[in-house]
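Predicted model, so just to flag it, every value in this text is computed and none were measured. What you see below is based on every heavy atom in this structure, not just the backbone, and it leaves out hydrogens, waters and symmetry mates. Residue indices begin at 1 and follow the sequence shown.
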Amino acid sequence: MKILENVIANKNLLFTDASTGASTPVGTLYRSLGLNPVEKGLIFLYNDNQVPSIEVLLNFYGTAHAIAVLGQKLHPEFKERLEAEYRPKYIFDPSRDEVQGYSLKEFSETVKIFAKEDYQAEVTIHPDIKILLSTSGTTGVPKLVKLSDENLYQNAVSILQYMPILESDVVPLNVPINFVYGFSIFTTNCMRAGRIFCTDKDIMQKAFWDEMEEYGYSTLGGVPYLYENLNRIGFFRKDSTSLRYMTHTGGVINAELRKTIFNYCLEFEKQFFAQYGQTEAGGRMAYLTTDGLLEEETSIGTPVHGGSFQIDSETDELLFLHSSISGGYANKLEDLSTYEQPKLLHTGDTGRRGQNGLYYITGRIKRIMKLFGIRLNLDEVEFILKNELEGNTVVCLNSNDKKIIVLYDNIEVDPQTIKETIKNKLRINPQYVHTEHIESFPLSQNGKINYPLLQNLQHENI
């Protein structure tokens with residue numbers, strides 16, 4: 001268990017409850033539940049980034065169990081369908097008092113776990129499967145990515161080649177660890193940082209900033225939408241003295257916001273790492289340092305250490321090579337009996353390599369529309385609009401290849417400017433552009449704008 005071994009080797013690491021300030025050393029926390037290290041099965045960990053969830057994760061990581069790290073706020077019916085499909089041996093979910101077919105077992109004063117009654121192993125879980133994470137944007141019973149300890153370790157080691165984590169760092173778990181980005185933040189900082197603050201607060205809550213001021217958080221992580229909101233509330237106009245660096249993943253940041261973040265970092269001596277990654281590769285696959293924010297186009301930078309990219313000559317799809325590539329997907333319990341690691345990861349993103357050696361994402365294969373025969377990349381259209389609208393958030397959708405739908409959430413945005421920009425930049429008649437104000441964009445559980453939901457709502461309105 002390389003991840004756990006390296007976390008334990010960080011002997012001065014403390015885990016702190018952000019609500020109470022109470023701390024526990026890593027040497028105490030990871031073996032607090034008295035688990036049998038050779039016991040094997042599947043545990044569902046419904047995580048909320050608080051100390052008990054982290055305690056369960058570290059304890060079970062040191063056993064032969066496979067751990068499905070899921071969100072505690074999932075809908076109850078969704079949880080029931082998921083549990084019926086996978087029939088886990090254990091379920092950790094503090095949000096429930098009972099689970100049918102399970103008995104609540106007390107493992108410590110703070111940790112109670114549901115154990116399946118009359119449990120019998122139905123399949124032999126492949127020994128390489130350690131962590132199961134849901135792919136983002138999934139509806140229904142999720143497709144789980146099968147990750148090994150080696151996948152996660154190799155990805156963490158690659159990230160630590162460029163990430164400036166110090167023993168003195170105070171790190172908030174503000175990104176849910178049931179998403180690969182949050183899990184990656186967790187593992188890398190547990191291996192190097194000095195103190196991890198377990199919190200259920202997110203950056204858009206006042207309580208989070210109260211905690212940051214009290215404890216002196218040194219890093220923040222988020223997706224583009226979060227940084228767009230921080231910019232809107234004036235975060236980048238003043239210094240946060242304890243903050244050393246920020247990280248981002250989950251999509252491109254528009255040019256105006258990149259300039260704002262660069263100037264903020266320059267004035268207040270911060271660092272910013274724009275990153276690109278997917279669950280299927282254990283987390284982060286490429287990175288761009290602060291200076292790269294001044295690139296004319298949005299770049300994902302260079303591959304992480306030990307990794308490389310290829311561009312498919314026929315489709316322009318970006319392909320990734322690295323030892324962190326996962327062992328496939330699971331849609332049901334029986335799928336946990338296999339682990340097959342491909343040499344190449346098909347990202348589903350189209351991309352190109354610049355003359356400067358940096359890589360650029362040009363769109364998603366599924367985000368391509370044809371408007372009267374004209375091939376349009378909706379991600380590029382969004383990028384153009386965000387730059388023209390000084391960083392305001394917009395979402396572009398396809399209306400049956402007949403119109404571009406542009407949604408915006410700032411009432412001060414002039415819809416005519418949207419249409420004129422598309423006309424001037426893309427030579428598209430404004431009559432084929434539909435603009436609509438939306439009170440707020442629905443978000444998926446990982447904080448990204450929920451494109452599938454917006455697209456479905458638009459189809460219902462057509």
Side-chain angles (χ1 to χ4, degrees), residues 13-24 29 45-57 69-75 92-96 110-111 165 168-179 181-186 188-190 193-250 257 261 264 268 270 272 393 409 439-450:
L13 177 63
L14 293 175
F15 291 90
T16 303
D17 184 331
S19 299
T20 66
S23 296
T24 306
L29 196 68
L45 165 57
Y46 291 105
N47 161 69
D48 61 0
N49 277 26
Q50 297 195 75
V51 173
S53 292
I54 302 304
E55 185 177 5
V56 171
L57 173 61
V69 187
L70 304 160
Q72 194 174 116
K73 295 180 181 180
L74 289 174
H75 192 281
F92 175 75
D93 188 358
S95 69
R96 287 187 283 180
T110 56
V111 173
I165 302 173
S168 58
D169 276 338
V170 178
V171 181
L173 295 181
N174 67 285
V175 181
I177 65 168
N178 51 290
F179 299 111
Y181 176 37
F183 197 89
S184 178
I185 290 172
F186 174 73
T188 50
N189 281 284
C190 282
R195 200 171 181 188
I196 306 291
F197 272 84
C198 302
T199 179
D200 61 346
K201 312 294 191 306
D202 65 54
I203 291 179
M204 296 313 296
Q205 294 177 274
K206 181 182 181 298
F208 177 87
W209 298 106
D210 293 339
E211 290 176 357
M212 182 169 180
E213 185 174 348
E214 180 179 358
Y215 300 125
Y217 295 156
S218 53
T219 181
L220 296 174
V223 296
Y225 186 63
L226 181 135
Y227 285 109
E228 289 169 7
N229 278 319
L230 288 183
N231 186 39
R232 188 178 297 181
I233 64 175
F235 173 82
F236 298 112
R237 291 199 291 265
K238 60 181 181 180
D239 190 15
S240 295
T241 54
S242 65
L243 186 65
R244 287 200 311 109
Y245 72 95
M246 295 168 285
T247 64
H248 127 274
T249 191
L257 182 52
I261 294 173
Y264 170 81
F268 299 115
K270 315 294 185 188
F272 189 89
T393 303
D409 64 346
E439 287 298 322
S440 61
F441 289 109
L443 304 180
S444 58
Q445 291 188 35
N446 57 4
K448 298 179 185 178
I449 292 174
N450 194 329

When you compare the side chain of Glu211 with that of Phe197, does any pair of heavy atoms fall below 4.5 Å? no
Going by heavy atoms in the side chains, are Ser23 and Asp17 under 4.5 Å from each other? no
Mind listing the closest non-hydrogen atom pair of Phe236 and Phe268 along with its distance? O-CE1, 4.4 Å
Should the pair Phe235 and Trp209 be assigned to parallel (<30°), tilted (30 to 60°) or perpendicular (>60°) ring geometry? tilted
Which class fits the ring pair Tyr217 and Phe208: parallel under 30°, tilted 30 to 60°, perpendicular over 60°? tilted
Ignoring hydrogens and angles, state whether a donor on the side chain of Thr247 or Tyr181 is under 3.5 Å from an acceptor on the partner side chain. yes
Any idea how Phe15 and Phe186 line up, ring-wise: parallel (<30°), tilted (30 to 60°), or perpendicular (>60°)? tilted
Any chance you could lay out the salt bridge (charged side-chain N to carboxylate O under 4.0 Å, His left out) test for Lys73 and Asp48, step after step, and finish with the verdict? CA-CA 8 Å; Lys73 295 180 181 180; Asp48 61 0; over 6 Å; no
With side chain to side chain contact (heavy atoms under 4.5 Å, CB included) as the test, would you mind laying out the steps for Leu14 and Ile196 before giving the verdict? CA-CA 6 Å; Leu14 293 175; Ile196 306 291; over 6 Å; no
Side-chain heavy-atom pair Phe179, Lys448 within 4.5 angstrom cut-off: no
Is any side-chain heavy atom of Gln72 less than 4.5 Å from a side-chain heavy atom of Pro94? yes
Do Met204 and Leu230 have side chains that approach each other closer than 4.5 Å (heavy atoms only, starting at C-beta)? yes
If I take atom CG from residue Leu29 and atom CG from residue Leu13, how far apart are they, to the nearest 0.5 angstrom? 9.0 Å
Answer yes if the side chains of Asp93 and Ser95 hold a donor-acceptor pair under 3.5 Å, and no otherwise. yes
So does Gln205 have more than 12 non-hydrogen atoms from other groups sitting under 6.0 Å from CD? yes
Take Lys270 and Ile261, measure what side chain to side chain contact (heavy atoms under 4.5 Å, CB included) needs, and give me the verdict at the end. CA-CA 9 Å; Lys270 315 294 185 188; Ile261 294 173; over 6 Å; no
Check whether any side-chain heavy atom of Glu228 lies under 4.5 Å from a side-chain heavy atom of Asp409, and answer yes or no. no
With rounding to the nearest 0.5 angstrom, report the OG1 to CD distance, Thr241 to Glu213. 8.5 Å
Starting from the C-alpha separation in whole Å, work towards a yes-or-no answer on side chain to side chain contact (heavy atoms under 4.5 Å, CB included) for Arg232 and Thr393. CA-CA 10 Å; Arg232 188 178 297 181; Thr393 303; 4.1 Å; yes
To the nearest 0.5 Å, what is the distance between OG1 on Thr199 and CG on Asn49? 8.0 Å
Give the C-alpha distance, both sets of side-chain angles, the deciding distance and a yes or no for side chain to side chain contact (heavy atoms under 4.5 Å, CB included) between Tyr245 and Ile165. CA-CA 9 Å; Tyr245 72 95; Ile165 302 173; 3.5 Å; yes
CG of Asn229 to CZ of Phe441, rounded to nearest 0.5 Å, is 10.5 Å
Please test Asp169 against Ser218 for side-chain hydrogen bond (donor to acceptor under 3.5 Å, both in side chains), starting from the C-alpha separation and ending with a verdict. CA-CA 6 Å; Asp169 276 338; Ser218 53; 3.1 Å; yes
Between the side chain of Asn174 and the main-chain N/O of Gly221, is any donor-acceptor distance below 3.5 Å? yes
Does any part of the side chain of Leu226, heavy atoms only, come nearer than 4.5 Å to the side chain of His248, both counted from C-beta? no
Let me confirm one number: the CZ-OG distance from Arg244 to Ser168, rounded to the nearest 0.5 Å. 6.0 Å
Which atoms form the tightest heavy-atom contact between Leu220 and Pro172, and what is the distance? CD2-CG, 4.4 Å
Kindly compute the distance separating CG (Asn178) from CG (Asn47), expressed to the nearest 0.5 Å. 5.0 Å
Give me the atom names and distance for the closest heavy-atom approach of Ser242 to Gly216. OG-C, 3.4 Å
